[in-house]
Amino acid sequence: MNAKDTHETPPMRDASASTGTQRTSGVDAPAWSREEFEAQLRAKGAAYHIHHPFNVKMNSGGCSREQIRGWVANRFYYQINIPLKDAAVLSNCPDRETRRRWVLRILDHDGYDGAEGGIETWARLADAVGLSRDELWSLEHVTPGVRFAVDAYVNFARRAPWQESVCSSLTEMFAPQVHRDRLASWPEHYPWIEPEGLAYFRSRISLAQRDVEHGLEVTLTHFTRRDQQERALDILQFKLDILWTMLDSIEKAFPQ
């Protein structure tokens, strides 16, 4: 069985396990205000992969060259699938204005009109850490666990209501900090990495902030009942689990 055969709906989990909040499930429970709901979503950052032991080790200078290259090669599989995920959101979305804003995400990754895009800047990161383009694009270093996790995410976006797919993208709320951490720590800890290779991290800080604004607007507007809001927390946890699972798999495949 592969990830493309999995059910499109993430398991319903107790979001209070990550946020420390008390949940009262059910349609009759009082809805959170927009401000309370946003706070609940942002509290999920406690489970973001910035806290994964492998990421902590990487940002503190503890990774070998092989581990850095393994991480770059495996995250590349995620990068090349993000436009497919975003195209799936568009294919399910009947709202023209939303599509006009969401399509920017595809262009950001694929590039357009001379702009190289995120996939190419990630490939330049691979150049900087000593991975050949042939190695990178062959996907020969991608672990089965990473493939399964990423494919499950794309499959979810293809089958879920578009508003749920938008909600799953809100891990971008927590992304700017992880990019800032890498920009601050990598030049010191990994001087062998060519500085030009860090351009991806630099570019994503402002783009992630723009994407979060739109994703939050959709999520806070659509998920208005308490049961819907709790569903949104479960969806966001599902995406957080995807990112965490990827690092679990990378950590095991590249132990040193």
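Using a 4.5 Å heavy-atom threshold, the side chains of Ile235 and Lys239 count as separate. Looking at heavy atoms from C-beta onward, Leu90 lies in side-chain contact with Ile106 at the 4.5 angstrom threshold. In this structure the side chain of Lys85 never reaches within 4.5 angstrom of the side chain of Phe156, judged on heavy atoms. With a 4.5 Å cut-off on side-chain heavy atoms, Arg75 and Leu243 count as touching. Under the 4.5 Å side-chain criterion, counting only non-hydrogen atoms from C-beta, Glu164 is not in contact with His222. Within the 4.5 Å cutoff, no side-chain heavy atoms of Arg105 are placed close to those of Leu207. Side-chain contact check for Leu198 versus Pro187: some heavy-atom pair is nearer than 4.5 Å. Two residues are said to be in side-chain contact when any heavy atoms from C-beta on lie closer than 4.5 Å; Arg204 and Asp211 meet this criterion.
Atom NE2 in His189 sits 13.5 Å away from atom CZ in Arg182 (nearest 0.5 Å). How far CG of Leu41 is from CG of Leu220: 6.5 Å, rounded to the nearest 0.5 Å. Rounded to the nearest 0.5 angstrom, Ile205 CD1 and Leu183 CG are separated by 5.5 Å. The distance from atom CG of Asp86 to atom CG of Leu104, rounded to the nearest 0.5 Å, is 10.5 Å. Considering CG of Leu247 and NZ of Lys252, their distance stands at 12.0 Å, rounded to 0.5 Å. Here Asp241 contributes atom CG and Leu236 contributes atom CG; the two are 9.5 Å apart, rounded to the nearest 0.5 Å.
No side-chain donor-acceptor contact under 3.5 Å links Tyr78 to the backbone of Met246. The backbone N or O of Ala199 sits nowhere less than 3.5 Å from a side-chain atom of Arg124 that would complete a donor-acceptor pair. When atom types are taken as modelled, the side chain of Gln228 and the backbone of Arg225 share a donor-acceptor pair closer than 3.5 angstrom. For Thr219 (side chain) and Leu216 (main-chain N/O), no donor-acceptor pair under 3.5 Å exists by modelled atom type. Looking only at distances, no side-chain donor or acceptor of Gln177 sits under 3.5 Å from a matching main-chain atom of Phe174. Checked by atom type and distance alone, the side chain of Ser185 never pairs as donor or acceptor with a backbone atom of Ser60 at under 3.5 Å. Side-chain N or O atoms of Arg69 include one that pairs as donor or acceptor with a backbone N or O of Val129 at under 3.5 Å. Between the side chain of Thr221 and the main chain of Val218, no donor-acceptor pair closer than 3.5 Å is present. Formation of a donor-acceptor pair under 3.5 Å by the Asn81 side chain with backbone atoms of Asp151 is not found in this model. A donor-acceptor distance shorter than 3.5 angstrom exists from the side chain of Asn74 to the backbone of His141, with no hydrogens or angles considered.
Of all heavy-atom pairs spanning Phe254 and Phe54, the tightest one is O-CE1, 4.4 Å. For the pair Val212 and Met173, the tightest heavy-atom approach, listed with the atom from each and the gap, is CG2-N, 3.3 Å. Pairing each heavy atom of Glu36 with each of Ser33, the nearest pair is OE1-N, 2.9 Å. Closest approach of Gln67 and Lys57 over heavy atoms only: NE2-NZ, 3.4 Å. Of all non-hydrogen atoms in Ser249 and Thr143, the two that sit nearest each other are OG-OG1, 2.6 Å. Among all heavy-atom pairs drawn from Gly197 and Ala128, the shortest one is CA-CB, 3.7 Å.
At a threshold of 4.0 Å, the pair Asp95-Arg100 does not count as salt-bridged, since none of the basic side-chain nitrogens sits closer than that to a carboxylate oxygen. Salt bridge present: Arg133 and Glu120 bring a charged side-chain N and a carboxylate O closer than 4.0 Å. Comment: Arg101 does not engage Glu97 in a salt bridge, judged by the lack of any side-chain N to carboxylate O separation of less than 4.0 angstrom.
A cation-pi arrangement is not found for Arg34 relative to Phe37, the charged atom failing to lie both closer than 6.0 Å to the ring centre and inside a 45° cone about the ring normal. A cation-pi arrangement is present between Arg147 and Tyr77, with the terminal nitrogen or guanidinium carbon under 6.0 Å from the aromatic centre and inside a 45° cone about the axis.
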Give the intermediate values and the outcome of salt bridge (charged side-chain N to carboxylate O under 4.0 Å, His left out) for residues Asp108 and Arg210. CA-CA 12 Å; Asp108 288 342; Arg210 179 205 69 193; 2.4 Å; yes
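Listed by chain and residue number, Trp102 satisfy the ring-ring contact (aromatic ring centres under 6.0 Å, His included) test with His214 (two or more places apart in sequence, or in another chain).
Across Trp186, Trp122, Phe76, a single residue satisfies ring pair (Phe, Tyr, Trp, His ring centres under 6.0 Å) together with Tyr200, and that is Trp122.
By the neighbour-count criterion of 12 heavy atoms within 6.0 Å, atom CD of Glu213 is sparsely surrounded, having that number or fewer from other residues, nucleotides or ligands.
Cluster membership check: Ile68 shares its hydrophobic cluster with Leu136, using side-chain heavy-atom separations under 4.5 Å among Ile, Leu, Val, Met, Phe, Trp and Tyr. Residues Ile242 and Val89 fall into different hydrophobic clusters, defined by Ile, Leu, Val, Met, Phe, Trp and Tyr side chains chained together at heavy-atom separations under 4.5 Å. A single hydrophobic cluster is not seen to contain both Val103 and Val154; linkage of ILVMFWY side chains at heavy-atom distances under 4.5 Å, directly or through other members, places them apart. Hydrophobic clustering (side-chain heavy atoms under 4.5 Å, transitive across Ile, Leu, Val, Met, Phe, Trp, Tyr) groups Leu125 together with Ile82.
Between Trp244 and His49, the distance from one ring center to the other does not fall under 6.0 angstrom.
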